[in-house]
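Worth saying up front: this structure is predicted, and the values here are computed from it rather than measured.
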Amino acid sequence: MGLIVFQLVCLACLIIPPTFGDDSVEGYHDLSQIHSHTRNLHNFMDAMQETFGRQGDGYVSTIEFLRFLTATGGLHGSNDRFTEAQLERAQIALAYLDKDHDGRMSLQDLAGASSIFGAREEGPNDVQQVHLAPDCDPTKMHVTFATVGSKVHASGAAFELSDGRIFPARAYTYTVPSRWWEPEGWIGWLYSATFDNLTPGQVYTYVAKTSTNSSQRYSFRASPPAGSHGAVRFATWGDMGTVMPFGFAVFDKVAEMHASDPFDFVLHQGDVSYAGVDVTEKPLNISSDDEFEYIWDLFGRQIEPVAATAPYVTGAGNHEAWYNWTAFTHRYTMPASTGSNGNFWFSFDYGPVHIVSASSEHDYSVDSPQIQWIRKDLEAASANRANVPWIVFSCHRPFLSSDADEYAAHTPGAPLLTAFEPLLLQYGVDLTLTGHQHAYERVHPNKNGTQIEYPDSAGVYHNPSAPVHLLVGAAGAMQEEHWVKPSPAWSAVRIADAFPNLLESYGFGTVSIANATHLSFTFTPVEGNTTDSFSIIKD
């Protein structure tokens with residue numbers, strides 16, 4: 001989504017071209033002084049303070065936060081002229097991060113906001129950002145980790161599996177343009193391998209390692225066997241980021257639930273880390289073509305507790321497109337099949353569900369390669385219902401939403417819905433999952449806004465003839481949403497901007513498939529009881 005609030009994590013990035021020198025914020029550039037904080041967290045705060053700390057005090061205040069939002073186009077304002085609503089939301093957002101309650105944010109405050117930030121200091125060859133990805137073959141699983149800070153890749157990179165096998169890792173990096181805050185681009189390496197000959201459904205443990213360092217031992221369950229109708233449960237969301245302001249808080253909630261009742265996989269439908277810049281700011285010598293690679297690193301650290309133990313599936317959103325999608329396509333690897341296109345459009349089976357991930361950011365005209373592939377994929381999935389009875393379709397932008405922002409793009413008759421809906425209906429897609437708008441909304445099964453099908457009093461849709469559409473874009477990006485009034489008949493539930501208790505409207509979704517006939521969904525907020533749930537039953 002064109003950022004309502006770009007993200008607090010990018011405060012780190014918008015560094016005014018150096019006029020102070022590296023000692024402008026005394027002490028913060030000496031990483032040895034605070035060993036409990038990550039290198040990326042230091043980079044983040046150094047940059048934030050140099051950009052917004054106009055008083056040079058090493059802190060970020062509410063007004064300095066709002067100056068950032070104005071500079072990036074996140075909020076409409078001029079200089080220090082802000083609306084009361086904008087000021088109130090910024091104050092509340094920073095209050096969650098201001099752990100010592102002195103009305104401003106410091107490095108120590110941010111490190112205390114979440115366990116992901118209070119990690120050990122990394123060296124240039126420390127193993128980090130470990131994450132899994134599924135394969136179309138249930139006997140395989142992709143695995144990746146990163147090292148950051150060295151121009152030379154670590155030696156001896158490999159993954160040691162609990163069955164005694166060692167999988168050497170392929171080391172690679174990528175190049176992005178030199179900019180004054182990252183004059184040598186991203187300095188880091190990625191290491192990937194594919195576990196093969198796995199027994200479907202079996203639990204394995206593994207360690208990611210180099211010749212000098214290793215990760216903790218992680219466990220994962222191999223994908224279920226083909227045609228399995230056993231229970232599957234996955235988490236889903238879009239538009240997360242890190243400290244923007246609440247991606248970290250939503251993910252902490254995800255990790256808490258995963259620790260007690262593990263998800264089988266995660267489906268993240270675009271706008272992943274928010275490392276890109278939205279608008280050109282000449283005074284800051286930053287253009288809308290710029291991206292900040294250490295935000296990708298910070299996000300990778302954030303998701304590791306879950307992504308290292310359950311496959312993390314990433315779709316393409318508009319905020320992955322910087323530098324021709326370079327960071328996104330190198331850091332994450334999605335399942336490949338005939339006609340699929342990397343991270344942009346792909347599909348895979350996981351037990352009783354067929355997942356299709358499409359791209360709202362690429363050509364979806366009637367004869368486009370993407371639409372041709374989707375048609376063939378859905379045709380095959382529909383014919384395979386006896387083995388894989390559920391079809392879930394994901395892309396970044398919503399097909400239908402009553403969010404007033406960009407309303408013409410997601411209302412009946414809009415181009416995206418017009419392009420995809422005939423295929424969704426023809427092949428009986430059960431559920432769609434989208435993001436982009438920073439909100440949650442459930443849309444009843446319908447056909448271009450008409451022939452609406454409603455659930456019974458228990459919240460059950462019985463044999464719907466169209467998919468339930470879900471917008472799950474409330475996973476972190478700042479909410480300043482406005483709903484169309486009155487609510488359209490096709491809109492079932494709308495959750496956003498729970499002012500003043502903002503975290504009551506930030507959250508994620510859980511899809512639970514019990515068997516071939518029963519699917520349920522729940523939206524879980526970080527705080528409070530503002531939730532939604534429903535079921536689909538196919539007799």
Side-chain angles (χ1 to χ4, degrees), residues 131-135 138 141 198-204 218-238 240 250-269 303-315 334-335 347-357 381 387-394 429-435 440 442 458-461 467-472 474-475 507-526 531-538:
H131 59 276
L132 300 167
D135 189 89
M141 185 73 72
L198 302 175
T199 300
Q202 181 172 315
V203 174
Y204 294 85
Y218 288 113
S219 66
F220 72 95
R221 184 180 298 276
S223 300
S228 167
H229 288 186
V232 166
R233 177 172 169 269
F234 66 92
T236 184
W237 60 79
M240 177 170 272
V250 173
F251 200 84
D252 276 351
K253 187 71 171 182
V254 173
E256 175 189 327
M257 290 182 61
H258 181 70
S260 60
D261 187 8
F263 297 106
D264 291 297
F265 63 93
V266 170
L267 179 58
H268 187 157
Q269 50 264 19
I303 67 171
E304 182 176 340
V306 174
T309 62
Y312 199 94
V313 181
T314 51
M334 293 301 105
S347 67
F348 64 99
D349 293 337
Y350 197 96
V353 61
H354 181 69
I355 302 290
V356 183
S357 181
N387 294 313
V388 184
W390 296 95
I391 302 176
V392 173
F393 192 97
S394 172
V429 169
D430 300 293
L431 182 71
T432 72
L433 297 168
T434 63
Y440 169 80
R442 168 162 49 106
V460 177
Y461 295 98
V468 177
H469 296 290
L470 292 179
L471 161 65
V472 193
F508 65 98
T510 301
V511 177
S512 300
I513 299 173
N515 49 43
T517 60
H518 288 66
L519 178 151
S520 62
F521 175 88
T522 300
F523 175 77
T524 301
V526 176
T531 186
D532 180 41
S533 61
F534 67 90
S535 298
I536 300 173
I537 295 179
K538 301 191 294 185

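- In summary, the side chains of T236 and Q269 do present a donor paired with an acceptor at a separation below 3.5 Å, with no hydrogens or angles considered.
- V266 places a side-chain heavy atom less than 4.5 Å from the side chain of W237.
- Of the possible polar contacts, one joining the D264 side chain to the R233 backbone as a donor-acceptor pair under 3.5 Å is found.
- Here the two rings, on F263 and F234, have centers that are 6.0 Å apart or farther.
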Verdict with reasoning, F265 to I355, per side chain to side chain contact (heavy atoms under 4.5 Å, CB included): CA-CA 11 Å; F265 63 93; I355 302 290; 4.0 Å; yes
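- Side chains of L198 and Y204 form a contact here, defined as non-hydrogen atoms less than 4.5 Å apart.
- Atom CG of L431 and atom NE2 of H469 lie 9.5 Å apart (nearest 0.5 Å).
- Between the side chain of K538 and the main chain of P389, a donor-acceptor pair closer than 3.5 Å is present.
- Two residues are said to be in side-chain contact when any heavy atoms from C-beta on lie closer than 4.5 Å; I537 and H518 meet this criterion.
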Carefully, step by step, assess E304 and Y218 under the rule side chain to side chain contact (heavy atoms under 4.5 Å, CB included). CA-CA 10 Å; E304 182 176 340; Y218 288 113; 2.7 Å; yes
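- Side chains of H354 and W390: a donor-acceptor N/O pair is absent below 3.5 angstrom, by distance only.
- Listed here is the closest heavy atom pair of A255 and V306: CA-CG2, 3.8 Å.
- M257 contributes atom CE, which lies 4.5 Å from atom OG1 of T524 (distance to the nearest 0.5 angstrom).
- When all heavy atoms are compared, the tightest approach of I513 to P352 is CG2-CG, 3.8 Å.
- In this structure, CD on E256 lies 12.5 Å from CZ on F251, to the nearest 0.5 angstrom.
- The NE2 atom of H131 lies 6.5 Å from the CD1 atom of I303; values are rounded to the nearest 0.5 Å.
- In terms of heavy atoms, A308 sits closest to L132 at O-CD1, 3.5 Å.
- Taken to the nearest 0.5 Å, the OG atom of S223 stands 11.0 Å off from the CZ atom of R221.
- Side-chain atoms of S394 and V392, non-hydrogen and from C-beta on, never get closer than 4.5 Å to each other.
- A381 and I391 make their closest contact through CB-CD1, 3.8 Å (heavy atoms, listed as atom of the first residue, atom of the second, distance).
- Here the CZ atom belonging to F523 is positioned 9.0 Å from the CZ atom belonging to F508, to the nearest 0.5 angstrom.
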Residue pair V232, Y350: steps toward the side chain to side chain contact (heavy atoms under 4.5 Å, CB included) verdict: CA-CA 8 Å; V232 166; Y350 197 96; 3.9 Å; yes
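- Across all their heavy atoms, V203 and S219 have their closest contact at CG1-CB, 4.4 Å.
- Scanning both residues, L470 and F534, for their nearest heavy atoms gives CD2-CE2, 3.7 Å.
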